[in-house]
Amino acid sequence: MAEGPATDIVLRVTGLKRYFDVSAPFLNRLLSGSGRQILKAVDGVDFEIARGQTFSIVGESGCGKSTIARLIVGLHQPSGGEIEFEGNAISAESSRKAMAPFRKKLQMIFQDPYASLNPRWRVFDIIAEPIRAYDLIDNNADIAERVGELLSHVGLNPKDGVKYPHEFSGGQRQRISIARALASEPEFLVCDEPTSALDVSVQAQILNLMKQLQRDFRLTYLFISHNLAVVYHISDHVAVMYLGRICEVADKKTLFRRPLHPYTRLLLDTIPDLGMTGRERSPVAGEVPNPINPPGGCAFHPRCPHANDRCRTERPEPIKVPGGRVACHAVEENRIPQETERPLPDEET
Amino acid sequence: MTSIPPLLEVRNLRIEFPTRHGTLVAVDDISLQINPGEVLGVVGESGAGKSLTGAAIIGLLEPPGRIAAGEIRLEGNRIDNLPYEKMRRIRGRSIGAIFQDPLTSLNPLYTVREQLTETILTHEDINKAKADARALELLVEVGIPAAAERIDSYPHQFSGGMRQRVVIALALCARPKLIIADEPTTALDVSIQAQIISLLKRLCRENGTAVMLVTHDMGVIAETADRVAVMYAGRIAEIGPVRDVVKNPKHPYTKGLMGSIPMIGEDVENLTQIDGTMPRLTEIPPGCAFNPRCTERFGRCERDRPDLMDAGSTRAACWLYDREGDHG
């Protein structure tokens with residue numbers, strides 16, 4: 001983990017917001033007398049990622065983690081806030097043309113390798129598409145050589161280029177998606193649940209490959225996942241999201257060893273874990289509320305054992321703590337009993 | 001050994017799919033037992049045959065899939081060759097089922113009350129008022145808050161976790177002795193997953209219901225199951241007490257599988273990786289199905305198929321544990 005002054009920040013996100021209008025059609029609204037409904041998928045998020053690091057966002061479905069991924073690669077326009085890539089603002093104002101040089105440096109790997117590859121294209125064309133789109137190489141022989149090289153980087157045979165996606169297993173397809181993402185020589189990869197659709201033994205292969213590529217090409221990753229064990233394995237820094245906001249962000253060791261936010265603690269307490277054989281757990285009641293109409297104050301207060309009146313009315317802003325930031329009144333006011341440091345399994349014996 | 005007869009006994013089960021290009025053997029010679037009140041976990045990667053085994057037990061194998069050999073006994077009586085009507089009565093009454101997606105297991109056009117009372121009336125000889133009371137009782141039992149008000153809601157008015165609770169309540173209607181739960185928590189968020197797992201555990205303990213828990217999530221198994229069967233390419237690779245299989249696996253596949261699961265607190269640069277993928281059903285190699293990917297393979301593995309044999313505290317289908325041992 002890189003310590004000291006974070007010099008080379010690749011991506012900085014400040015006050016990022018994305019709202020979706022989920023209102024009923026105009027006439028229905030008129031007839032029922034209901035107003036517009038706005039879903040605040042991402043509601044004021046700040047973070048920064050240093051070069052060569054892996055920054056992960058974890059959270060349950062609907063917390064806004066995938067929306068952030070899509071905002072960063074430009075699949076959504078932000079409703080507010082700034083995204084800075086290598087010091088350049090890449091927000092709504094920039095024209096497509098102005099964006100082009102940054103786009104190729106920012107690539108994305110999607111969750112479902114069955115849906116993200118065009119079934120009618122040969123693997124060769126799938127991987128060559130970014131090379132052609134960005135005019136990186138202009139003669140066909142060199143493109144062929146480059147595609148072969150990319151296929152071997154991801155552990156496939158250069159001859160596999162003539163096949164179609166359906167001839168590959170899920171893990172191999174994810175390798176093809178990675179090869180396509182690498183084709184434009186990116187510096188930054190946004191990985192949205194890249195292993196969630198895979199079996200564990202295949203997941204291990206892909207995670208190992210991603211770490212290998214990160215070392216070889218000095219890639220920076222934004223890794224989105226709901227699987228905390230995977231996140232622990234791959235990340236340097238971790239942000240925990242709940243209903244569109246980051247409730248805690250810290251370096252990996254700090255977050256997993258001394259989680260501060262009650263929601264982080266809940267998540268860590270509830271994960272089914274191999275080390276848990278035969279142990280009883282106390283499940284936490286409650287569910288993620290409807291994001292269209294989130295609770296006031298701190299969105300987590302209805303499920304929080306430490307909530308008081310302030311939590312119900314005033315939204316907590318992130319405060320600095322050793323190792324990271326946390327948005328919680330109870331932590332700020334020191335209302336949460338200090339937890340003994342969590343023994344990580346390897347330290348148990 | 002105890003002398004309690006097993007609640008469910010599967011003996012040499014073989015499931016085949018006839019196709020134009022020959023017969024596919026999806027489940028090959030599987031034997032397992034579940035004792036009353038026990039949770040047996042069945043894990044494996046997609047296509048290993050775990051869900052088919054579950055479907056065969058409740059008699060819901062989709063044609064053209066069929067049981068080609070072996071038998072399934074519930075409390076000593078064969079249930080694999082029963083006519084449809086008889087099997088229908090066992091299903092629901094003696095064996096309940098919970099599937100992955102709660103939305104598809106519930107009828108969207110009926111309220112939860114209607115679905116519960118209908119199921120209760122099908123299986124039990126009681127009057128409507130009593131069935132109604134029992135329905136409410138079940139909803140309370142599975143932990144639905146304000147059950148009395150919510151019982152008249154439709155499935156879409158419940159959240160994912162609550163719907164799965166309704167499905168569990170439905171499975172419990174006739175107080176079955178065995179529940180087949182196929183990926184019951186896969187579609188749910190982690191914090192909800194934990195709630196459903198502890199609910200299943202509590203119900204087993206309180207009612208003495210046995211559960212066959214089919215999942216690909218080793219973490220869920222580790223927490224819930226008493227014993228676990230690890231499946232690979234249609235066969236059981238290893239079966240034993242969950243603690244031993246997780247902490248001290250014997251079969252090379254199980255070892256690889258356990259090593260490939262990332263764990264919180266475990267700082268490794270690379271995860272253990274089993275190279276290759278599980279063979280397709282059409283391409284299962286001779287000998288041990290795992291041999292092309294196995295790091296401990298020797299001559300015999302490519303020729304003969306290993307059956308389950310004692311490997312310390314578990315049983316593994318691997319020639320490494322052959323007592324007569326020609327390791328050559």
Side-chain angles (χ1 to χ4, degrees), chain A residues 58-63 155 169-172 198-205 207-209 211-212 215 226-234 253 256-257 263 266-288 290 303 342-348, chain B residues 43-48 143 145 159-162 185 188-199 201 216-226 241-247 253 256-278 280 293:
Chain A
V58 284
E60 299 180 80
S61 17
C63 73
S169 68
Q172 288 169 322
L198 307 175
D199 280 314
V200 280
S201 74
V202 182
Q203 166 173 285
Q205 294 172 1
L207 291 176
N208 286 348
L209 172 69
K211 279 201 152 189
Q212 169 79 40
R215 282 193 298 271
H226 66 272
N227 185 329
L228 280 159
V230 168
V231 162
Y232 182 88
H233 176 71
I234 199 147
K253 282 278 159 89
F256 281 87
R257 213 176 291 205
Y263 179 62
L266 175 149
L267 274 185
L268 286 174
D269 283 338
T270 50
I271 318 245
D273 186 68
L274 283 188
M276 284 290 291
T277 49
R279 260 186 265 176
E280 277 305 311
R281 59 156 77 244
S282 47
V284 188
E287 301 189 357
V288 182
N290 183 352
R303 299 171 79 186
R342 277 161 197 265
L344 297 174
D346 56 338
E347 294 158 355
E348 230 169 52
Chain B
V43 276
E45 302 181 47
S46 354
S159 66
M162 287 299 148
T185 60
L188 307 173
D189 271 322
V190 275
S191 67
I192 313 301
Q193 237 181 46
Q195 295 171 7
I196 298 295
I197 290 172
S198 50
L199 170 67
K201 267 168 103 170
H216 67 274
D217 189 336
M218 234 15 247
V220 170
I221 294 275
E223 257 184 57
T224 322
D226 301 309
V242 70
R243 218 187 151 73
D244 298 314
V245 174
V246 170
K247 296 264 151 86
Y253 173 65
L257 194 65
M258 295 304 155
S260 68
I261 302 172
M263 282 207 272
I264 293 171
E266 204 179 64
D267 294 294
V268 286
E269 186 50 38
N270 279 318
L271 297 163
T272 317
Q273 157 170 351
I274 316 173
D275 287 320
T277 46
M278 197 168 68
R280 292 178 189 199
R293 303 172 72 188

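Reckoned from all heavy atoms, side chains included, excluding hydrogens, waters and symmetry mates. As the structure is a prediction and not an experimental result, all values here were calculated from the model.
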Requested in this report: With the side chain counted from C-beta on, respond yes when B:Leu271 and A:His233 share a heavy-atom pair under 4.5 Å apart, and no when they do not.
Outcome: yes
Report summary line: Cut-off 4.5 Å, heavy atoms of chain A, and the answer for B:Gln193 is side chain
Query raised in the report: Does atom CZ of A:Arg215 have more than 12 heavy-atom neighbours, drawn from other residues, nucleotides or ligands, at distances under 6.0 Å?
Result: yes
Query raised in the report: CG/A:Asn227 to CD1/B:Ile264 distance, rounded to the nearest 0.5 angstrom?
Result: 8.0 Å
Requested in this report: Specify which of A:Val231, A:Ile234, A:Val230 makes the most heavy-atom pairs with chain B at under 4.5 Å.
Outcome: A:Val230
Report task. Would you mind checking which part of A:Glu60 comes under 4.5 Å of any heavy atom in chain B, side chain (CB onward), backbone (N, CA, C, O), both or neither? Result -> both
Query raised in the report: Under a 4.5 Å cut-off applied to non-hydrogen side-chain atoms, are B:Met278 and A:Asp199 in contact?
Result: no
Query raised in the report: Within the side chain of B:Gln273, is there an N or O that forms a donor-acceptor pair under 3.5 Å with the backbone of A:Leu207?
Result: no
Query raised in the report: Which atoms form the tightest heavy-atom contact between B:Glu45 and A:Val202, and what is the distance?
Result: OE1-CG2, 4.3 Å
Requested in this report: Verify, without hydrogens or angle tests, whether A:Gln205 (side chain) and B:Ile274 (backbone) share a donor-acceptor contact under 3.5 angstrom.
Outcome: yes
Query raised in the report: Which bit of B:Met162 comes within less than 4.5 Å of chain A, counting heavy atoms only: side chain, backbone, both or neither?
Result: both
Requested in this report: Go through B:Gly44, B:Ser260, B:Gly259 and name the one with the most non-hydrogen pairs under 4.5 angstrom from chain A.
Outcome: B:Ser260
Report task. Tell me, for B:Thr277 versus chain A, whether the close heavy atoms (under 4.5 Å) come from the side chain, the backbone, both or neither. Result -> side chain
Report summary line: Turns out that what part of A:Leu228 lies under 4.5 Å from chain B's heavy atoms comes down to both
Query raised in the report: Side chain, backbone, both or neither: which part of B:Thr224 has a non-hydrogen atom closer than 4.5 Å to chain A?
Result: neither
